Amino acid sequence: MAQTTLGTLGLCVIEAGTDPLSTAFYRCAIAALALAAYAALRGDLRALFRLPARVLLLALLSGVLMVGNWVLFFEAIRRSGIAVATIVFHVQPFVMVLIGALVFRERLRLLTLGWIALALFGLTLATGIFDAPEGHGPDWIGVLCAVGAAILYAVVTIIAKGFPRSSGAQLTLVQCLCGVLVLAPWLPLPPQNLGAEQWGWLAMIGGVHTCAVYVVLYNALPKLPTATAAVLLFLYPISAIAVDALWYGHAITGLQIIGFLCVLLASLAITLKWGGPARNRPEQVDRAGNRRVATEVR
């Protein structure tokens with residue numbers, strides 16, 4: 001599944017050696033070209049001009065937020081490493097729960113608060129604050145960037161509830177084009193300053209980790225049961241930890257592993273609504289949940 005690519009995405013981001021703003025810009029630009037070619041081959045490109053005004057505005061808004069999410073997440077990877085940034089990013093389900101409680105006045109159950117407490121405990125362990133060598137504590141700016149990215153991602157996911165199921169590729173193209181327009185005035189690294197190797201890594205980020213992954217997500221996830229899709233999404237952090245350890249030799253301590261497991265367990269519980277009312281059990285959730293999951297990818 002495409003979800004296992006987050007570890008290699010982090011690898012591409014680091015190996016490209018470009019700043020977060022430039023990485024996000026070229027990701028959007030390359031992905032937009034690839035998605036436009038894909039849509040043209042399928043004869044879907046004209047549908048882009050037939051999107052309802054409300055949907056188009058939602059896509060533009062989500063595009064701006066998605067760009068912010070990518071920039072913050074890339075900065076988190078640069079500062080904290082692939083594994084820690086990915087695990088911290090997985091507070092996103094809890095952010096959605098809290099937004100639902102504050103904005104939509106959804107009721108928080110005691111069990112839900114328990115899962116959130118477990119996730120925060122795991123997050124504290126995962127940062128490495130308790131077992132880091134003296135003078136080598138966690139990079140708190142990197143941790144905060146990952147949390148900020150998770151907040152923006154949660155808002156984008158909520159906005160995506162208004163997207164029609166059949167417009168996935170077109171909406172993703174709109175998001176990427178929006179990213180190009182937003183980031184172009186602030187681009188620190190112009191194209192002529194990039195080396196051939198950097199272009200190769202950026203092509204991987206935009207062409208494979210964005211265009212190809214989006215296509216797979218939109219075509220595959222709606223066909224999976226919600227529970228299966230949710231479990232597969234949690235292969236993200238496992239792949240990230242493996243790449244960080246095997247490729248860069250970043251040691252993962254025992255306490256960090258316990259923290260990772262706490263965050264993953266709590267996130268899975270929130271996503272699958274463990275202990276929730278019968279009407280919210282995964283097997284009774286409408287497949288639209290899969291569509292919402294598929295609207296975003298890091």
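It should be emphasised that the depicted structure is a prediction, and the values quoted were computed from it without experimental measurement.
Val64 and Val71 are members of different hydrophobic clusters when ILVMFWY side chains are connected at heavy-atom separations under 4.5 Å. Transitive grouping of hydrophobic side chains (ILVMFWY, heavy atoms separated by less than 4.5 Å) keeps Leu144 and Leu65 in distinct clusters. Linking Ile, Leu, Val, Met, Phe, Trp and Tyr whenever their side-chain heavy atoms come within less than 4.5 Å leaves Ile30 and Leu33 in two separate clusters. Both Ile270 and Val88 are assigned to one and the same hydrophobic cluster, defined by single-linkage of ILVMFWY side chains at heavy-atom distances under 4.5 Å. Cluster membership for Ile14 and Trp199, using ILVMFWY side-chain heavy atoms within less than 4.5 angstrom, is shared.
In this structure Phe260 satisfies the ring-ring contact (aromatic ring centres under 6.0 Å, His included) test with no other residue, sequence neighbours excluded. When the side-chain contact (heavy atoms from CB on, under 4.5 Å) test is applied to Val174, the partners found at least two apart in sequence or on another chain are Leu48, Leu51, Leu56, Ala59, Leu60. For the side chain to side chain donor-acceptor pair (under 3.5 Å) test, no residue two or more places apart in sequence or in another chain qualifies with Ser80.
In this structure, the ring of Tyr153 has its center no less than 6.0 angstrom from the ring center of Phe73. In this structure, Phe94 has its ring center no closer than 6.0 Å to that of Trp115.
When every heavy atom of Ala32 is checked against every heavy atom of Leu173, the shortest pair comes out as O-CD1, 3.3 Å. Scanning all heavy atoms of the two residues, the minimum distance from Ala149 to Leu72 falls at N-CD1, 3.7 Å. Nearest heavy-atom pair, Leu125 versus Gly259, reported as atom, atom and distance to 0.1 Å: CB-CA, 3.7 Å. A pairwise comparison of heavy atoms in His209 and Leu9 identifies CE1-N, 3.5 Å as the closest pair. The two residues Gln92 and Ala150 come nearest to each other via the heavy atoms CG-O, 3.7 Å. Ile87 and Ala126 get closest at one heavy-atom pair: CG2-CB, 3.9 Å.
The main-chain N or O of Leu187 is never found under 3.5 Å from a side-chain atom of Ser22 such that the two would form a donor-acceptor pair. Without hydrogens or angle criteria, Thr172 side chain to Leu35 main chain gives no donor-acceptor distance under 3.5 Å.
Taken from CD in Gln175 to OG1 in Thr210, the straight-line distance is 11.0 Å, to the nearest 0.5 Å. Interatomic distance, Leu57 CG to Ile159 CD1, rounded to the nearest 0.5 Å: 11.0 Å. With values rounded to the nearest 0.5 angstrom, Cys211 atom SG is found 14.5 Å from Ile205 atom CD1. The CZ atom of Phe74 lies 11.0 Å from the CG atom of Leu21; values are rounded to the nearest 0.5 Å. In this structure, CG on Leu202 lies 11.0 Å from CZ on Arg27, to the nearest 0.5 angstrom. Rounding to the nearest 0.5 Å places CG of Asp139 at 8.5 Å from CD of Glu75.
Counting only heavy atoms from C-beta outward, the side chains of Pro190 and Asn193 approach each other to under 4.5 Å. Side-chain contact check for Cys176 versus Val180: every heavy-atom pair is 4.5 Å or farther apart. Looking only at side-chain heavy atoms (C-beta outward), Cys145 and Ile141 come within less than 4.5 Å of each other. The closest side-chain heavy-atom distance from Leu183 to Tyr26 is not below 4.5 Å. Contact check for Val263 versus Leu120: no side-chain heavy atoms found under the 4.5 Å cut-off.
Remark: the Gln198 side chain and the Thr18 side chain contain no N/O donor-acceptor pair separated by less than 3.5 Å.
Taking a 6.0 Å sphere around CH2 of Trp186, one finds it holds 12 or fewer heavy atoms contributed by other residues, nucleotides or ligands.
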Using side chain to side chain contact (heavy atoms under 4.5 Å, CB included), reason through Leu61 and Val156 one step at a time and then give a plain yes or no. CA-CA 8 Å; Leu61 175 60; Val156 170; over 6 Å; no
Worked verdict on Gln256 versus Thr253 for side chain to side chain contact (heavy atoms under 4.5 Å, CB included): CA-CA 5 Å; Gln256 282 184 300; Thr253 67; 3.3 Å; yes
